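In the text below, chain A, chain B and the rest are named by the order of the sequence lines, each starting its count at 1. What you see is a predicted model; the values in this text were computed from it and never measured.
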Protein chains: 2
Amino acid sequence: MAGINRSLVRALPLFNKLSDAELDRLLARATMQRVATGEAVFEQGQKADRFFLLLHGRLKVTQVTADGQQIIVRMVHPGDIFGFAKALQRDDYPGTPTASAESVVICWPTEVWGQFVEQNPHLAVNAMQSIGQRLQEAHTRIREMATEEVEHRVAHAVLRLIEQAGKTESAGIRIDFPISRQDIAEMTGTTLHSVSRILSAWETKGLVEGGRQKLLVRDAASLRLLAEGEAG
Amino acid sequence: MAGINRSLVRALPLFNKLSDAELDRLLARATMQRVATGEAVFEQGQKADRFFLLLHGRLKVTQVTADGQQIIVRMVHPGDIFGFAKALQRDDYPGTPTASAESVVICWPTEVWGQFVEQNPHLAVNAMQSIGQRLQEAHTRIREMATEEVEHRVAHAVLRLIEQAGKTESAGIRIDFPISRQDIAEMTGTTLHSVSRILSAWETKGLVEGGRQKLLVRDAASLRLLAEGEAG
DNA sequence: CGCGCTCGTTGCGCCAGGACAAAGACCCTG
DNA sequence: CAGGGTCTTTGTCCTGGCGCAACGAGCGCG
């Protein structure tokens with residue numbers, strides 16, 4: 001498909017052991033797609049006929065419960081694969097990936113996955129490592145939700161965000177995409193109100209600097225202390 | 001290795017596309033090991049040099065937090081692989097699998113994994129599906145912990161247990177291995193006390209029947225209603 | 001067969017944090 | 001630059017469920 005930046009894809013860990021020829025065959029089956037901010041790539045419950053790779057931008061994957069509550073399952077960063085339902089033995093997508101920022105994805109029909117793995121075991125190994133890491137993260141989150149109180153959980157979430165999407169500025173580290181208090185609440189299993197209170201308190205202490213859909217971490221070290229230690 | 005029940009292994013979904021010859025080569029590298037109740041197969045933090053398959057019995061995988069709190073990450077059922085850290089790009093085991101009942105495991109050196117996947121992509125695909133399901137379960141648990149209150153979470157946990165380890169008896173469905181209130185608490189992110197209160201209440205309503213390390217579900221349908229619906 | 005240990009039950013007080021409410025602050029649009 | 005929508009802040013109240021404490025019950029062991 002014309003338009004896909006081949007060297008960008010080439011550099012992804014997921015494809016690190018593929019030959020150029022193999023990569024080309026893979027890209028030949030791919031389609032590129034632009035996703036505007038606020039738009040969903042697909043919807044929860046929809047039949048899973050494609051899987052995706054995020055090239056640019058940022059997505060948040062949400063799930064809606066039966067009673068309408070929403071949670072953010074994870075963020076998708078550039079280079080991540082998502083919409084992998086079929087390979088995970090599901091017929092429908094378990095969540096909805098929505099663009100938090102202007103994004104570009106490429107996608108393949110699900111059949112392609114099986115075909116390529118047969119010919120190239122490395123791909124499966126790499127994908128498994130990537131899914132394995134997601135599993136680790138999920139377990140970490142479960143542990144946090146079970147044992148830590150809200151302020152610690154929010155601290156951990158923010159630290160994770162600057163790790164995965166932090167851009168160093170003169171005043172500190174900025175989270176590189178628009179994120180609301182509501183988003184952070186849905187990532188940590190609390191309410192918008194509690195997050196707002198906590199961030200305000202941190203701002204008073206000089207740990208962070210807020211703003212509409214913005215967050216700048218001034219003092220990551222103190223935040224880390226707060227996240228780990230018992231004392232605030 | 002002598003002593004491994006080949007037809008039992010043959011029947012596992014994980015190996016469903018392997019030829020008999022391939023299976024034999026795999027088993028040739030395996031070691032069998034008996035694990036007594038209460039004993040750990042390995043310890044959290046230990047260097048991951050082997051991976052495992054549970055043949056018989058039941059394991060609970062726990063993680064301990066820095067401040068000493070414990071949670072149950074998941075239960076391992078017969079046929080499940082565990083201790084997969086290396087394939088997931090970790091050097092050490094993230095948790096401790098402890099036998100809840102007399103168990104038998106087989107294990108391989110981690111190097112074997114890479115070798116076999118190269119020769120047999122199906123194995124990778126199967127393993128990925130299995131890990132994918134674990135990821136789904138983890139997300140489900142995260143969603144529950146974020147949105148549901150304790151009684152609902154406990155209901156879900158118990159339902160999951162009878163699904164994965166339920167033995168139908170005349171009076172209802174029994175959980176087929178010793179499980180304490182503390183265990184259920186660690187699975188649902190609450191305290192032993194709350195679980196005890198909840199189960200007592202259910203017993204009064206005739207939904208379950210308790211006992212020391214025992215649990216019998218008398219009325220799974222009502223429990224399911226309680227887990228899903230808003231009303232108790 | 002009685003002693004001790006582990007596991008389970010239950011009562012009570014307290015508080016983190018959720019629910020509700022209302023008022024700013026910021027941004028886009030016409 | 002006025003108006004409306006969205007996001008955020010902050011206050012007040014209220015409750016689920018945790019912490020603490022003490023007791024009861026089943027099980028294994030000498």
In whole Å, what is the span from the [atom1] atom of [X] to the [atom2] atom of [N]?
X: A:E186; N: C:dG18; atom1: CD; atom2: C1'; result: 15 Å
X: A:E151; N: C:dG18; atom1: CD; atom2: P; result: 13 Å
X: A:R197; N: C:dC15; atom1: CZ; atom2: P; result: 18 Å
X: B:I198; N: C:dT10; atom1: CD1; atom2: P; result: 13 Å
X: B:D183; N: C:dT6; atom1: CG; atom2: P; result: 15 Å
X: A:L192; N: C:dA21; atom1: CG; atom2: P; result: 15 Å
X: B:I184; N: C:dT9; atom1: CD1; atom2: C1'; result: 15 Å

Suppose we screen for side chain to side chain donor-acceptor pair (under 3.5 Å). Which residues come up paired with [X], at least two apart in sequence or across chains?
X: B:S180; result: B:D183
X: A:S7; result: A:N5
X: A:R197; result: none

N or O in side chain of A:S194 less than 4.0 angstrom from C:dA16 OP1/OP2: no
Is there a side-chain polar atom (N or O) of A:T190 under 4.0 Å from OP1 or OP2 of C:dG18? yes
To the nearest 0.5 Å, what is the distance between OG on A:S130 and CG on A:L12? 11.0 Å
Output one letter per nucleotide in nucleotides 22-30 of chain C: B when a protein non-hydrogen atom lies under 4.0 Å from the base, S when only the sugar-phosphate is that close, - when neither is. ---BBS---
Can you name the side-chain contact (heavy atoms from CB on, under 4.5 Å) partners of A:Q133, sequence neighbours left out? B:Q89
Tell me the salt bridge (Lys or Arg N to Asp or Glu O under 4.0 Å) pairs involving [range], sequence neighbours left out?
range: residues 92-105 of chain B; result: B:R90-B:D92
range: residues 208-222 of chain B; result: B:E209-B:R218
range: residues 142-167 of chain B; result: B:E144-B:R160, B:K167-B:D176

Neighbour count above 12 (heavy atom, 6.0 Å) for A:R34 CZ: no
Using a 4.0 Å heavy-atom cut-off across all strands, classify A:S180 as base, sugar-phosphate, or nothing. sugar-phosphate
Tell me what B:S196 touches on the nucleic acid: a base, only sugar-phosphate, or nothing, going by heavy atoms under 4.0 Å. base
I want to check something: taking the side chain as every heavy atom from C-beta on, are B:L215 and B:V158 in contact at a cut-off of under 4.5 Å? yes
Got B:V104 and B:M32 here, is their nearest side-chain heavy-atom distance under 4.5 Å? yes
Look at the side chain of B:S194 and the backbone N and O of B:T190, then say whether any donor-acceptor pair between them is shorter than 3.5 Å. no
Is the side chain of B:E39 donor-acceptor paired with the backbone N or O of B:A99 at a distance under 3.5 Å, no angle test? no
Span of DNA chain D in contact with chain A (heavy atoms, under 4.0 Å): D:dG5 to D:dT12
Return a table of donor-acceptor pairs under 3.5 angstrom between the side chains of residues 40-58 of chain B and protein atoms on other chains or two or more places apart.
{"from": "B:Q44", "atom 1": "OE1", "to": "B:V64", "atom 2": "N", "distance (Å)": "3.0"}
{"from": "B:Q46", "atom 1": "OE1", "to": "B:E43", "atom 2": "N", "distance (Å)": "3.1"}
{"from": "B:R58", "atom 1": "NH1", "to": "B:H77", "atom 2": "ND1", "distance (Å)": "2.7"}
{"from": "B:R58", "atom 1": "NH1", "to": "B:Q164", "atom 2": "O", "distance (Å)": "3.4"}

Between the axis at one end of the helix from C:dC1-D:dG30 to C:dG30-D:dC1 and the axis at the other (five pairs apiece), what's the angle to 10 degrees? 40°
Under a 4.0 Å heavy-atom cutoff, the residues of residues 143-150 of chain A touching DNA chain C are A:E149, A:V150
